[in-house]
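Index from 1, following the sequence. Computed from a predicted model, the values in this text were never measured in an experiment.
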Amino acid sequence: MADERRDSLDQLTDAARAASKVAKIVQAAQAGGAAGAAAQTIKEYHKQAVTVIVVVLLLPVLLILSLPAVVFGSLMAPSDTVLTDEMEIAENVIEIKNSIGTVLQTAYEDVLAEIEDDSKGRYAIDVVDPVGGQVSFNALEILSMYCAHMGATEYEAISIDDLTEQVKAHQDEYYSYTAKTETKTEMVDKIVDGVPTKVPETHDYTTYTISYAGDNYFADTIWQLDETERAFASDYAQNLTLYLQEIDDRRQHRAGGRG
């Protein structure tokens, strides 16, 4: 019986890697519980009869396989409640977003400090700053890229702390600036021999432009994802977006019910 169950789990794991199907199963589980998930699994995997038999017992496995593992904190040392407490998963996502945001914000502010230092003594400067003081990024995509990268060979090492350390290791690469100096000759008012007059003066005007490497920098350069890993990252991000939306919808529904 144990061997049969292990075989069933292997089949389920292989099947669940088709993330578009798993997303539908997760949605069914959220909408209709175990019965809804089982019905959807039969629809998606009608040829895997043994898999369907054990799917109700293995719904947490489906959840793990369909979401980027880092949202559980660490699969090797998870909390006692993370697989049953959806709010704990949501809180982990917030923690990850804040951790990535802290690294990126620090990187951005370091570039601002470099510009301030470089601009000392210059006649006139202008800073083109599309960031606008607060960094912007897609945390769900970044954490999904991380899990797609780690999942192939280092699955056991996946954790929020490890993700944060890997992002921080490239802190000085995310933001950069260019400086362009233009020399202009202008007529300015001067007093020459006690007589007001206009004389030519030459001044340098420097424009600093800040740029962000972009969220794709994580996939292209830091984790160097291949096409298969990029596809997994995309599916992970989509599934997690759906899952978090369902959590928020249920929270609002409960709040409305109390009103």
Side-chain angles (χ1 to χ4, degrees), residues 67-77 91-183 204-234 236-237 240-241 244:
L67 298 180
V70 72
V71 302
F72 301 99
S74 169
L75 286 185
M76 298 304 104
E91 289 168 2
N92 283 342
V93 172
I94 293 172
E95 180 182 348
I96 293 167
K97 181 177 181 180
N98 290 341
S99 296
I100 297 173
T102 297
V103 174
L104 294 182
Q105 187 70 28
T106 299
Y108 163 65
E109 292 175 359
D110 286 346
V111 165
L112 290 179
E114 290 176 20
I115 291 175
E116 182 179 4
D117 185 65
D118 186 78
S119 66
K120 291 178 180 177
R122 294 184 182 271
Y123 178 75
I125 70 164
D126 182 37
V127 179
V128 179
D129 182 7
V131 180
Q134 187 64 44
V135 298
S136 177
F137 59 97
N138 190 321
L140 302 190
E141 287 189 358
I142 293 173
L143 69 86
S144 295
M145 293 172 189
Y146 162 77
C147 288
H149 166 69
M150 297 289 287
T153 58
E154 301 178 88
Y155 197 73
E156 294 183 0
I158 291 176
S159 70
I160 296 175
D161 287 343
D162 182 67
L163 168 58
T164 303
E165 286 302 313
Q166 290 200 32
V167 172
K168 191 174 182 179
H170 299 266
Q171 182 171 297
D172 61 352
E173 302 172 23
Y174 303 126
Y175 291 89
S176 59
Y177 73 89
T178 58
K180 182 179 179 180
T181 299
E182 182 180 2
T183 301
D204 288 337
Y205 290 80
T206 302
T207 300
Y208 294 93
T209 303
I210 297 174
S211 60
Y212 170 48
D215 292 352
N216 283 336
Y217 186 80
F218 293 89
D220 296 337
T221 303
I222 296 178
W223 293 311
Q224 300 180 13
L225 304 186
D226 60 27
E227 291 304 312
T228 300
E229 291 167 336
R230 289 171 189 270
F232 274 122
S234 178
Y236 279 149
L240 182 56
T241 298
L244 294 176

Quiz item: For the atom pair NZ (Lys180) and OG1 (Thr206), what is the distance rounded to the nearest 0.5 Å?
Solution: 11.5 Å
Quiz prompt | Distance (rounded to the nearest 0.5 Å) between Met145 CE and Asp215 CG | solution = 6.0 Å
Quiz prompt | Side chain proximity check, Leu240 to Leu143, heavy atoms < 4.5 angstrom | solution = yes
Quiz prompt | Validation row: Thr181, Arg122 side chains within 4.5 angstrom (heavy atoms) | solution = yes
Self-check item: Least distance between heavy atoms, Val103 atom then Lys168 atom
Solution: CG1-CA, 3.8 Å
Self-check item: Nearest atoms (heavy-atom pairs only) where Val135 meets Gln105
Solution: N-OE1, 3.1 Å
Quiz item: Do you know the tightest heavy-atom contact between Arg230 and Leu225?
Solution: NE-O, 3.1 Å
Exercise. Over all heavy atoms of both residues, which pair between Ser144 and Ala233 is shortest? Give the atoms and the distance, please.
Key: CB-O, 3.3 Å
Exercise. Given side chain to side chain contact (heavy atoms under 4.5 Å, CB included), test Ile142 with Tyr217 step by step and report yes or no.
Key: CA-CA 10 Å; Ile142 293 173; Tyr217 186 80; over 6 Å; no
Quiz item: Tyr146 and Gln166: which non-hydrogen atoms are nearest, and at how many Å?
Solution: CE1-NE2, 3.7 Å
Quiz prompt | Audit row: Thr164, Thr102, side chain to side chain contact (heavy atoms under 4.5 Å, CB included) steps and yes/no | solution = CA-CA 10 Å; Thr164 303; Thr102 297; over 6 Å; no
Practice problem: Might you work through the side chain to side chain contact (heavy atoms under 4.5 Å, CB included) test for Ile210 and Ile115, ending with a clear yes or no? | Solution: CA-CA 9 Å; Ile210 297 174; Ile115 291 175; 3.6 Å; yes
Quiz item: Do Asp162 and Glu154 have side-chain heavy atoms sitting under 4.5 Å apart?
Solution: no
Exercise. Compare all side-chain heavy atoms of Lys97 with those of Phe137 and state whether any distance is below 4.5 angstrom.
Key: yes
Quiz item: Do Gln171 and Asp110 come close enough that some side-chain heavy atom pair is under 4.5 Å?
Solution: yes
Quiz item: Rounded to the nearest 0.5 Å, how far apart are NE2 of His149 and CD1 of Ile158?
Solution: 9.5 Å
Practice problem: Taking the side chain as every heavy atom from C-beta outward, state whether Leu244 and Leu140 have any atom pair closer than 4.5 Å. | Solution: yes
Quiz item: Closest approach of Tyr108 and Tyr175, non-hydrogen atoms and distance?
Solution: N-CD1, 3.7 Å
Quiz item: Under 30°, 30 to 60°, or over 60°: which ring-plane class applies to Tyr174 and Phe218, parallel, tilted or perpendicular?
Solution: parallel
Exercise. Report yes if some heavy atom in the side chain of Asn98 is under 4.5 Å from a heavy atom in the side chain of Glu95; otherwise report no.
Key: no
Quiz prompt | Spacing of CG belonging to Asn216 relative to CD1 belonging to Ile222, to within rounding of 0.5 Å | solution = 11.5 Å
Self-check item: Residue pair Tyr208 / Val111, side-chain heavy-atom distance below 4.5 Å
Solution: no
Quiz item: So, does Ser119 use its side chain to make a donor-acceptor pair with the main chain of Glu116 at under 3.5 Å?
Solution: yes
Quiz item: If you measure only the distance, is there a donor-acceptor pair under 3.5 Å linking the side chains of Glu114 and Tyr177?
Solution: no
Self-check item: Centroid-centroid under 6.0 Å between Tyr123 and Tyr205 rings
Solution: yes
Quiz item: How long is the span from the CG atom in Asp126 to the OG1 atom in Thr207, to the nearest 0.5 Å?
Solution: 5.0 Å
Quiz item: How many angstroms lie between CD in Glu156 and CE in Met150, if you round to the nearest 0.5 Å?
Solution: 10.5 Å
